[in-house]
Amino acid sequence: MPRLLTLRPRTSQRQPNLSSDTQIAQEALTFADLGLSPKVLSAVTDAGYTEPTPIQAGAIPHALLGKDILGIAQTGTGKTASFVLPMLTRLEKGRARARMPRTLILEPTRELAAQVEENFIRYGKNHKLNIALLIGGVSFDEQDKKLERGADVLIATPGRLLDHRERGKLLLNGVEILVIDEADRMLDMGFIPDIERICEMIPFTRQTLFFSATMPPEITKLTEKFLHAPVRVEVSKAASAATNIVQRLVKSGSKPWDKRETLRNLIKAEDAELKNAIIFCNRKVEVSELFRSLLKYDFDAGALHGDMDQRARMQMLANFRDGKLRYLVASDVAARGLDIPDVSHVFNYDVPIHAEDYVHRIGRTGRAGRSGKSFTIASKSDTKYIDAIERLIGTKIEWHDGDLSTVVASEGAEDEAPRRGRGAPRRAGRKDDDRKDRSERKPRERHARQSEDAAPDGAREEQPVAAETAVADIGERRARKEAIRSENTERQASPERKASPNRSDQRAPERGDTRPQRDRPARQRQEDNDATVGFGDDMPAFMRIVAKV
DNA sequence: AAAAAAT
């Protein structure tokens, strides 16, 4: 409903019904025209930007005048800089007092909060500002110190912010500028009561900058309550992802191991074009399982989801951004807002249950006008979600290599299994899998395959799937085998990652690890795979104001 | 059928 609005291509602020002359004049608009201070301007120039995006052009002048802003924009539109830059300019006057931050930015996730901090550091490099990042999952000590010192900029997730306040370490009545970012997502996450509480702690004389990608009724209500005569700036991404992102559906059997195999084959087939990829799963356990499976198969993968320890989260993300990891297996924590320039591929290991998540996920590639590719692995049970996605984006997504009817034909036995077994005991499914095995394997080896394939089902009992454990596992293993990303594990420092020769891999080992290894006992296979291959990569500088809208 | 966030 109202959420769908964003997906409809909308005329941007830059090209309204103006004469062509005016349009040219508008095209030539630069950051220097917006009224930003010289310090800010020089940092922006150093970062390599001259031309503001529509949301920046629309919001910055008003924000500088102290007006409230209602910004309706998705991430990827340059939204962050549209509040960071004017805030920096306005912060040049005045000083922070202990425990009384001058500005507050609320973000729904820790990663987004950290990302905003990066922006303040980058564009505030000519300022001497104290920036405090208050997020959960890390110790209070350092955060306390920064608050005590007096923060000019406070960036927080709601829970930790309130926690600090209850501990009496934080006074919000000195806040001059309040930013509420990704408000609709805060709504989804049930943060609205917290947001209301926080808003009520801040004097109404403040300036409020409010951003949301969509405007559901609850959000509209919130803006009516907390914004004063806001200037409304509304933009959308050009053609909402469709144009520069190649989208494909990939048929697969529905079992986890089918999907994992489909994914591996797909990754290998895309290897030449694939610079790096985010692989989305619907659930955290799937992230952990797929992550470990990919490592086992020598893929240079990291994982990211909300149950992971914060250090690991940060490290994984940083490593992925820096090109030290080629693959990032992630939950939807990474679907929205994260700005990782130059992700060449997005794989949906699961079809997202909510169609709009699809748009957010594939939007992690094809950023800043680049091209990108997205593949969505689909099995038969996914058709209704695919229908919903296609309805939402208004086009049919092409099948990569034949649609699901071909799956039935070629993998019939396997796919029949769940159906026949629906009312029947679980065993039925197993049996059918075995039957398939028989046709492919020597009997002697069958039990090995079985135990391996049973692992996903039995994983909950047999293997710890808690993310922390998984990550620790990984850490352990990597350390054991002269790991690539030493800084990634707490265990021990290991040698600097070798600049990898096998980046453009026609990797022979890869071939070896699918078929032949499959025919060996699982344990042995795992050991064989215990050498992680280092991939080199080159990744352009992190963070940019995404240019084109 | 999920994920996110305070401990």
Side-chain angles (χ1 to χ4, degrees), chain A residues 3 75 105-116 133-141 143-144 147 155-170 180-198 212-213 254-256 259 278-291 303-310 313-314 317 328-338 348-361 364 376-389 418 422 456 460 465-468:
Chain A
R3 343 200 82 211
T75 39
I105 298 128
L106 293 171
E107 294 289 336
T109 67
R110 298 169 186 174
E111 276 74 17
L112 284 178
Q115 188 169 288
V116 170
L133 179 64
L134 305 190
I135 58 174
V138 293
S139 90
F140 281 90
D141 290 358
Q143 297 179 357
D144 280 344
L147 287 176
I155 305 152
T157 46
R160 183 52 77 95
L161 182 91
L162 289 170
D163 205 347
H164 273 284
R165 212 195 99 94
E166 273 152 27
R167 291 156 30 115
K169 298 282 185 182
L170 177 61
I180 298 165
D181 198 13
E182 303 257 334
D184 52 349
R185 197 170 176 202
M186 302 248 204
L187 173 73
D188 289 346
M189 294 167 64
F191 281 169
I192 296 305
D194 287 349
I195 298 299
E196 289 185 314
R197 271 180 69 201
I198 293 165
S212 190
S254 53
K255 296 280 187 251
K259 293 173 75 170
I278 304 180
I279 303 161
F280 284 104
C281 301
N282 284 356
R283 286 176 299 201
K284 290 178 281 199
V285 282
E286 287 180 315
V287 171
S288 300
E289 284 169 7
L290 179 59
F291 168 50
L304 184 66
H305 67 69
D307 278 355
M308 283 166 51
D309 119 79
Q310 189 57 24
R313 278 170 73 164
M314 301 276 223
L317 189 57
L328 185 67
V329 187
S331 69
D332 279 318
V333 69
R336 304 194 200 191
L338 284 192
N348 288 315
Y349 176 79
D350 295 311
V351 179
I353 291 164
H354 295 294
E356 66 211 51
D357 287 335
Y358 174 83
V359 179
H360 289 294
R361 288 181 181 185
R364 294 312 100 202
T376 299
I377 295 175
S379 61
K380 281 203 287 182
S381 50
D382 295 320
T383 45
K384 69 174 173 180
Y385 300 112
I386 293 166
D387 290 346
I389 290 166
R422 190 182 290 160
R460 272 152 207 84
V465 288
E468 295 81 2

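The basis for the numbers below is simple: all heavy atoms, side chains too, and nothing from hydrogens, waters or symmetry mates. Order of the sequence lines fixes the chain letters, A, B, ..., with proteins taken first and strands second; residue numbering starts at 1 for each chain.
With sequence neighbours left out, D350(A) forms a salt bridge (charged side-chain N to carboxylate O under 4.0 Å, His left out) with K259(A). Qualifying side chain to side chain contact (heavy atoms under 4.5 Å, CB included) partners for R283(A), counting only residues two or more places apart in sequence or in other chains: V285(A), E286(A). For D357(A), the salt bridge (charged side-chain N to carboxylate O under 4.0 Å, His left out) partners two or more places apart in sequence, or in a different chain, are R336(A). Applying the side chain to side chain contact (heavy atoms under 4.5 Å, CB included) criterion to S331(A), with sequence neighbours excluded, gives V287(A), H305(A), V333(A). Residues passing the salt bridge (charged side-chain N to carboxylate O under 4.0 Å, His left out) test with E182(A), sequence neighbours excluded: K79(A).
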Heavy-atom contacts, protein to nucleotides 2-7 of chain B, under 4.0 Å, summarised as B (base), S (sugar-phosphate only) or - (none) per nt, yield BSBBBS
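Counting non-hydrogen atoms under 4.0 angstrom, Y385(A) reaches a base of the nucleic acid.
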